[in-house]
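Before any comments, here is the structure.
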Amino acid sequence: MERVLLAGASGHLGRCVAKELKARGYVVRALARRPERLDATADEAVQGDLLDPATLGPACAGVHVVFSCAGASMRLGGFGDRRGPLEVDWQGNSNLLAAARAAGVRRFVYVSVHGAQGMRALEYTGAHERFADELRASGMEHAIVRPTGFFSFFGEIAKMAKRGRGVVIGGGEARTNPIHEADLAEVCADAVAGDAAEIAVGGPDVFTRAEIVELAFRAVGRPAPGKLTHVPPGVFRGAAAVLKPLNRRIAALLAFGAVVSQVDCVAPTYGTRRLEDYFRTFAG
């Protein structure tokens, strides 16, 4: 029975991956800075910090596969959390890769971002690609999963729609097909067992950014405003520049949002869970 070390176990995707891997017969060891805050999904829980290499060797001992969806928090709130993409998404995962190689781990699976290769100049996606380059060059058996946005990232849109507010960055014409974390977890579990090195994946439905906001209004049972509020991407870029000396994490997220909202981010479709059904969970 293979043991998988799961980094990022406390996040939306991490919890779904733990559940899916257990259903397929893997022993799941969850890595967390505060294991007591994890739910009971994993078989084992170990304390470790990606930025403290001394804690990662013991976590990797006896592990066959390392799976990492760990990265800097995507919450725009939590101003006190300043651990940014270069620290966590690159350096933290780099530390974990070194520990995995030293422990003789067979395979390393990493969750990056669809389209990140074309957005290396941004700190958020650039950090992902910097680690992806390192993983490919390591000589280790590996897979890089490249999803579009997760459903949970779009939850704030439904919350705003429930309050009667609809905001779109830019014109709203750019298209994407977000994917539910539980559907993505199936793809991730396949990557743990398979031999594919690069896997791009999105959800079953393609929307423009404006259509996603309109969908949220319908799902929560609110009439959509006659005209959505369009915020110029430059507003987000300006806010990122102001915040960068104070909180690089939030600044990186704002800069990423300004760019990704203006380009098509569509990956091969997968899954059965619909964004409208997810938005309906915010209606009550």
Side-chain angles (χ1 to χ4, degrees), residues 7-8 10-14 33 50-51 68-94 110-132 145-161 165-172 174-179 181 184 202 207 209-210 212-213 216 229-265 267 275 278:
S10 61
H12 292 283
L13 176 58
R33 285 187 289 164
L50 294 186
L51 301 187
S68 179
C69 56
S73 172
M74 292 291 289
R75 292 184 307 120
L76 286 176
F79 197 81
D81 181 3
R82 292 179 170 81
R83 291 162 56 112
L86 285 175
E87 291 176 277
V88 185
D89 296 82
W90 170 59
Q91 187 60 63
N93 279 295
S94 179
Y110 175 62
V111 179
S112 183
V113 181
H114 181 63
Q117 306 97 311
M119 295 183 278
R120 284 177 175 266
L122 297 172
E123 182 171 337
Y124 177 71
T125 40
H128 283 78
E129 283 310 290
R130 189 169 178 178
F131 176 70
V145 182
R146 298 184 178 278
T148 57
F150 305 166
F151 277 16
S152 61
F153 295 168
F154 292 83
E156 190 60 35
I157 294 175
K159 294 177 185 177
M160 292 177 65
R165 299 178 59 195
V167 177
V168 178
I169 304 175
R175 301 176 307 136
T176 188
N177 58 328
I179 184 168
E181 286 86 343
L184 178 55
F207 307 96
R209 300 285 175 167
I212 289 175
V213 178
T229 301
H230 291 261
V231 180
V235 172
F236 283 76
R237 290 194 295 268
V242 171
L243 285 172
K244 190 171 183 178
L246 305 174
N247 190 307
R248 290 184 66 96
R249 180 184 69 82
I250 294 178
L253 292 179
L254 291 173
F256 172 66
V259 172
V260 76
S261 61
Q262 305 305 297
V263 297
D264 285 347
C265 187
L275 185 59
Y278 175 74

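One-based numbering along the sequence shown. Computation of the quantities below employed the complete heavy-atom set of this structure, encompassing side-chain atoms and omitting hydrogens, waters and symmetry-equivalent molecules. Here the structure is a predicted model, which means the values were calculated and not measured.
- Applying the side chain to side chain contact (heavy atoms under 4.5 Å, CB included) criterion to Val213, with sequence neighbours excluded, gives Ile157, Val168, Phe217, Leu228.
- Taking CG of Leu243 as the start and CG of Leu254 as the end, the distance is 6.0 Å to the nearest 0.5 Å.
- Closest non-hydrogen pair, Gly84 versus Ala72, comes out as C-CB, 3.6 Å.
- Judged as a ring-ring contact (aromatic ring centres under 6.0 Å, His included), and not counting sequence neighbours, the contacts of Tyr278 are Phe151, Phe282.
- In this structure, the ring-ring contact (aromatic ring centres under 6.0 Å, His included) partners of Tyr110, at least two apart in sequence or on a different chain, are Phe131.
- For Cys69 against Gly8, the heavy-atom pair with the smallest separation is SG-O, 3.7 Å.
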Please tabulate, one pair per line, all N/O donor-acceptor pairs under 3.5 Å involving side-chain atoms of residues 120-128, not counting sequence neighbours.
{"residue": "Arg120", "atom": "NH1", "partner": "Asp133", "partner atom": "OD2", "Å": "3.0"}
{"residue": "Arg120", "atom": "NH2", "partner": "Asp133", "partner atom": "OD1", "Å": "3.0"}
{"residue": "Arg120", "atom": "NH2", "partner": "Asp133", "partner atom": "OD2", "Å": "3.2"}
{"residue": "Glu123", "atom": "OE1", "partner": "Arg248", "partner atom": "NH2", "Å": "2.7"}
{"residue": "Thr125", "atom": "OG1", "partner": "Met119", "partner atom": "O", "Å": "2.5"}
{"residue": "His128", "atom": "ND1", "partner": "Tyr124", "partner atom": "O", "Å": "2.8"}
{"residue": "His128", "atom": "NE2", "partner": "Asp89", "partner atom": "OD2", "Å": "3.2"}

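- Closest of all the heavy-atom pairs between Ile179 and Pro147 is CG2-CB, 4.4 Å.
- Gln91 meets the side-chain hydrogen bond (donor to acceptor under 3.5 Å, both in side chains) test with Asn95; sequence neighbours excluded.
- Remark: Val235 pairs with Val231, Pro232 by the side chain to side chain contact (heavy atoms under 4.5 Å, CB included) rule, at least two apart or across chains.
- Across Pro85 and Ala252, no two heavy atoms sit closer than the pair CG-CB, 3.9 Å.
- Residues passing the side chain to side chain contact (heavy atoms under 4.5 Å, CB included) test with Ala174 are Arg209, Asp264, sequence neighbours excluded.
- Judged as a side-chain hydrogen bond (donor to acceptor under 3.5 Å, both in side chains), and not counting sequence neighbours, Thr176 has no contacts.
- No more than 12 heavy atoms of other residues, nucleotides or ligands sit less than 6.0 Å from atom CZ of Arg165.
- Closest approach of Pro245 to Ala241, counting heavy atoms only: CD-O, 3.6 Å.
- For the atom pair CZ of Phe150 and CG of Leu184, the computed distance is 5.5 Å after rounding to the nearest 0.5 Å.
- Listed by chain and number, the residues in a salt bridge (Lys or Arg N to Asp or Glu O under 4.0 Å) with Arg130 amount to none (sequence neighbours excluded).
- Heavy atoms only, all atoms of each residue included: Pro233 and Gly170 are closest at CD-CA, 3.9 Å.
- For the side chain to side chain contact (heavy atoms under 4.5 Å, CB included) test, residues two or more places apart in sequence or in another chain that qualify with Ala132 are Glu129, Arg136, Ile144, Arg146.
- Applying the side-chain hydrogen bond (donor to acceptor under 3.5 Å, both in side chains) rule to Ser261 yields no partners; only residues at least two apart in sequence or on another chain are considered.
- Scanning for side-chain hydrogen bond (donor to acceptor under 3.5 Å, both in side chains) contacts around Ser152 gives Glu181, with sequence neighbours left out.
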